[in-house]
Visitor: 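To start, I am sharing the structure in question, which I have written as C-alpha cells.
Remember, it's 1-based here, ligands and their atoms both numbered in the order they're listed.
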Amino acid sequence: MTQLSQKKILVAVSGGIAAYKAAQLVRDLQRAGATVRVAMTEGATRFVAPLTFQALTGNPVATQILDPSEEHEIGHIELARWPDLIVVAPATANVLAKAAVGLADDLVTTTLLASEAPVLFCPAMNTQMLRHPATQQNIAALRARERTFLVEPDAGELACGEVGAGRLPDPPVIVDAAAAVLSPALLAGRHVLVSAGPTREHFDPARFISNPSSGRMGYAIAAAAKALGADVTLVSGPVSLEPPTGVECVPVVSAADMQREVNARSSDIVVMAAAVADWTPTTTAEHKRKKGGGDWSPELQRTPDIIAGLAASPKRPVLVIGFAAETEHVVEYAREKMKRKGLDGIVANDVGGTDTAFGNATNAVTLLAPGQDDVVLPRAPKRAIADRICGWLTTLQGSNGNS
Ligand code: C5P
C-alpha cells in the first residue's frame, strides 16, 4: 500500500508504557510508504532504547536539545522543518499539557513549537489521568487548533491494571489517521452516501434470507471518502464492524428499510456497495412459524431495485455508482448492468472461486464508467481498493453534467 508514499513523518515518542507500540507504528508507517525519523522525550528512552528506533529507521534518534553531537546530525530546527507530519505516539498527559500551552522544555516540545507541519496526537495514559478535567481541557484546546488532530484513545485493559479508555490505538488505526491528515481534500464539501453489508428478509422473527456479505468493502469506501474530506453517511445492513470515525451510520435490516433510508437523504454521490437481497417473503409472520406439517415453499417477491430507482429519480445524485457481483463474464455483465440501471459507474467484482470478495479482507475489481477506459485494480486490501475507487470517483463526469 502506498497511502503515504513520499511522505516524511516524524514520530515523537513520549514516556508512557505504550512507547513500545511506537516501534510497530514506525514499521507500519514505513510499509505504507513513509520515510520516518524518530524523536524521543527523556522519559520515553526509559521505556524503549533509542537504538531500537535507530535500527528501524536507519537514522539517529533525536533525544536531546542543544546536544552538540545530535545538533551536528540534524539540528532541532531542521528536525522541525523536515516532516510533512508529526505523529506524537504515545502522547502522555504531560506532553499534551505542554503542547496545549506552548511549553518548550525538551526536544519533542521544542520541535512541536518550531514546526509548521500538521501534528497528530495519539493520547495514551491511565483512565483517571485521561478523564481529569485538566487533560480534557488540554485535549479540547489542541483539537480546536489549526493543523492539529487527535486519534481517540481505545478503551480496554490498561498496563496499570485498570479497565477503561486510555489505550494507544493499534498502529494501523494511527496509519489511517495519518493518511487522512495528509490526503488532499478531493471530496471536501461533498455528501457521500455508501450502502454496505447484506440485507435480511425475514419470514418470521427468527428466520430470514440473507447472504455472506461482511460489509467490509462498503465500510472501507466510507472510511476512504471520509479521508478525502467528504461528509459520509453509511447505510448498513447487519454486520459486525465498527463504523469508521466521523461517519454517520444508519443501521437497517431489510431491502425495504435500506431503500427508505437511502431515499430519505440527499447526497452528491451514492455508492451502493450493499449486497441487497433479491427476493423477500411476500408476508412476514408475526410469530415463529411451527415446523409441523412437513415441507414448506415460501412465496417470495422481488425486492425494490434501490439503485435503479435512485438513478431514475428527479432527486438523482450527481454520481450514482453500483457494484456488480458476478461469477462469470464479470466485466461484460457489469457493463450491461450499468447501462440497464442508468449508473455513472460500476465496480465489477468477481465473487466466484475460492478468492471470492465475500467476507475476504482483500479484493480485485475492475472500474467501469461510460466513455472511460476500464481501470483494472489487482488484488489488494479492501481499504487500498477503496482509496482507488474514491480517487476514481473524483474523475467521473456525472450524467447531469458535473462531477
Ligand atoms: O442487480 P444486481 O443485484 O446485480 O445489482 C447490483 C447493484 O445494485 C449493487 O450496487 C447493489 O447494491 C444494487 N442493488 C440495489 N437494489 C437491489 C439489488 C441490488 O440497489 N434490490
Visitor: Name all residues meeting the ring pair (Phe, Tyr, Trp, His ring centres under 6.0 Å) criterion together with Tyr20; count only those two or more places apart in sequence or in a different chain, and write none if there are none.
Guide: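 Tyr20: no ring pair (Phe, Tyr, Trp, His ring centres under 6.0 Å) contacts found.
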
Visitor: List below, pair by pair, the N or O atoms of ligand 1 and of the protein that are less than 3.5 Å apart, including the distance to 0.1 Å; reply 'none' if no pair qualifies.
Guide:
| from | atom 1 | to | atom 2 | distance (Å) |
| --- | --- | --- | --- | --- |
| ligand 1 | 1 (O) | Lys341 | NZ | 2.8 |
| ligand 1 | 4 (O) | Lys337 | NZ | 2.3 |
| ligand 1 | 5 (O) | Lys341 | NZ | 2.9 |
| ligand 1 | 8 (O) | Lys341 | NZ | 3.1 |
| ligand 1 | 10 (O) | Met272 | O | 2.7 |
| ligand 1 | 10 (O) | Phe323 | N | 2.8 |
| ligand 1 | 10 (O) | Phe323 | O | 3.4 |
| ligand 1 | 12 (O) | Met272 | O | 3.4 |
| ligand 1 | 12 (O) | Ala274 | O | 2.8 |
| ligand 1 | 16 (N) | Ile306 | N | 3.0 |
| ligand 1 | 20 (O) | Ile306 | N | 3.4 |
| ligand 1 | 20 (O) | Ile307 | N | 2.9 |
| ligand 1 | 21 (N) | Thr303 | OG1 | 3.3 |
| ligand 1 | 21 (N) | Pro304 | O | 2.8 |

Visitor: Please, which pairs that meet ring-ring contact (aromatic ring centres under 6.0 Å, His included) have at least one residue in residues 206-239, sequence neighbours excluded?
Guide: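 Those involving residues 206-239 are His202-Phe208.
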
Visitor: Determine, for Asp176 against Lys226, whether the closest basic-nitrogen to carboxylate-oxygen distance falls under 4.0 angstrom.
Guide: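 No.
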
Visitor: For residues 267-288, which residue pairs qualify under salt bridge (Lys or Arg N to Asp or Glu O under 4.0 Å), counting only residues two or more places apart or in two chains?
Guide: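 For residues 267-288: none.
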
Visitor: Does the side chain of Arg37 reach to within under 4.5 Å of the side chain of Trp82, using non-hydrogen atoms?
Guide: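 Of all side-chain heavy-atom pairs linking Trp82 with Arg37, at least one is under 4.5 Å.
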
Visitor: If the threshold is 4.0 Å, N to carboxylate O, is there a salt bridge linking Arg143 and Glu152?
Guide: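 Salt bridge flag = yes for Glu152 with Arg143.
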
